[in-house]
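Everything below concerns the one structure shown next.
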Amino acid sequence: MSFPKKLTQKLLHRIENNSLRTLGQKNILIDFSSNDYLGFAKSEVIFNKTHQFLVNNSILQNGATGSRLLSGNHHLYNSIEKELAQFHSSEEALIFNSGYDANIGFFSSIPQRGDIILYDEFIHASIRDGIQLSNAQSFKFKHNNLDDLEKKISKHQSKNDTEIYVVTESIFSMDGDAPDLTRMTEIIKKNNAHFIVDEAHAVGVFNKGLIQELNIESAIFARIITFGKALGCHGAVVLGSKELKQYLINFSRSFIYTTGLSPHALATIKFAYFELIRSKATEKLQKNILFFKKEINRLQLDFITSNSAIHCCIISGNENVKKIAKQLKEKGFDVKAILSPTVNKGEERLRFCLHSYNSTQEITNVLEHLVTFV
């Protein structure tokens, strides 16, 4: 059977642009690419505690057996959601199977016909996909530009029954930069809009996340936190009010129509948070971030400014950035090239992800090699 011609043409276009995606393979290179910021994905402590907890409590079950509304609502869900709500100073918490599921489920169900969604132009693909499934109108505002946001809010405040939802990320996944969340909260509150923040790349890197660090959690309509980054496991949680949780349980399709997480996945979340409280991994990561920035300045490298674990060096052109990533790989470093169309053409980059387990010597070495290649 022949493959559809239109699909073949799209693949050929990717090959011609040197932007064809392929699946990566496990390697033994020095890690400057993964989202495992605190090393929790490889933590034997978390693995062993999770296993022992399940054995001690006679939870010898491989799967959830169904959706949470049918047979899959294991008692671990309730206890862990309470722990998450308490840890993150939220009234309620609702666990989803992934960050993608959480964003799809939230944005496809919460904003209604006649409502307005205002989103940062660099917002994550999962949020964009959720917005596309919504019946609300959506408009982007310039990246981290709060004057533009305020203009957009004023422009769409025409009807009494129109709800305005504003969404951003506390740390953006491509550049590692952050908006002025305090001022943003004030603007949104003043205009009676609803503020949604994706904290995927902030929790663990900034302990409980930037929202709690700034003490503005009470002004946020919903926070979305994924466990697949610094927490090193799987799943996500939406934090918000009792009414928000009840609504999502009733109307969020990615929550309703999917098999729940296994008890093992839930217990891993529990002990990842335990390790976040107990360990000094966040402190080590923050020291590495400061050291990385000092080395950038010392070597006079041109990076996008960031206080997070993500640091990007713009190298224009898919071919150029792939070439330098390959050269670093040959020196033993795993640094990913981010290509267009994932980012705009001309804004291709090397994306360095820092971790608590990177040594200062490794940081110095990878940047000194980079100097010779750019």
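Nothing fancy with the numbering, it's 1 onward along the sequence.
Judged by a 6.0 Å distance limit and a 45° cone about the ring axis, K208 is positioned over the six-membered ring of F87.
Checked for salt-bridge contact, K152 and E121 miss the test: no charged N lies under 4.0 Å from a carboxylate O. Look at K140 and D148 and you find no salt bridge, because none of the NZ, NE, NH1 or NH2 atoms lies under 4.0 Å from a carboxylate O. Using a cutoff of 4.0 Å between basic side-chain nitrogens and carboxylate oxygens, K326 and E330 are scored as salt-bridged. The pair E275-K49 fails the salt-bridge criterion, with no side-chain N (NZ, NE, NH1 or NH2) lying under 4.0 Å from an Asp/Glu carboxylate O. Classification of R298 and E368 as a salt-bridged pair holds, one side-chain N sitting under 4.0 Å from a carboxylate O. Taking 4.0 Å as the cut-off between side-chain N and carboxylate O, K190 and E186 do not count as a salt-bridged pair. At a threshold of 4.0 Å, the pair K270-E83 counts as salt-bridged, since one of the basic side-chain nitrogens sits closer than that to a carboxylate oxygen.
Annotation: I28, atom CD1; neighbour count of heavy atoms from other residues, nucleotides and ligands within 6.0 Å does not exceed 12.
Residues Y165 and Y247 fall within the same hydrophobic cluster, defined by Ile, Leu, Val, Met, Phe, Trp and Tyr side chains chained together at heavy-atom separations under 4.5 Å.
For the residue pair S262/H264, the side-chain donor-acceptor check at 3.5 Å is not satisfied. Side chain to side chain, T282 and N207 fail the donor-acceptor criterion of an N or O pair below 3.5 Å. Checking S241 against E91 by side-chain atom types alone, no donor-acceptor pair falls below 3.5 Å. Counting only N and O atoms by type, the side chains of H143 and D177 include a donor and acceptor under 3.5 Å apart.
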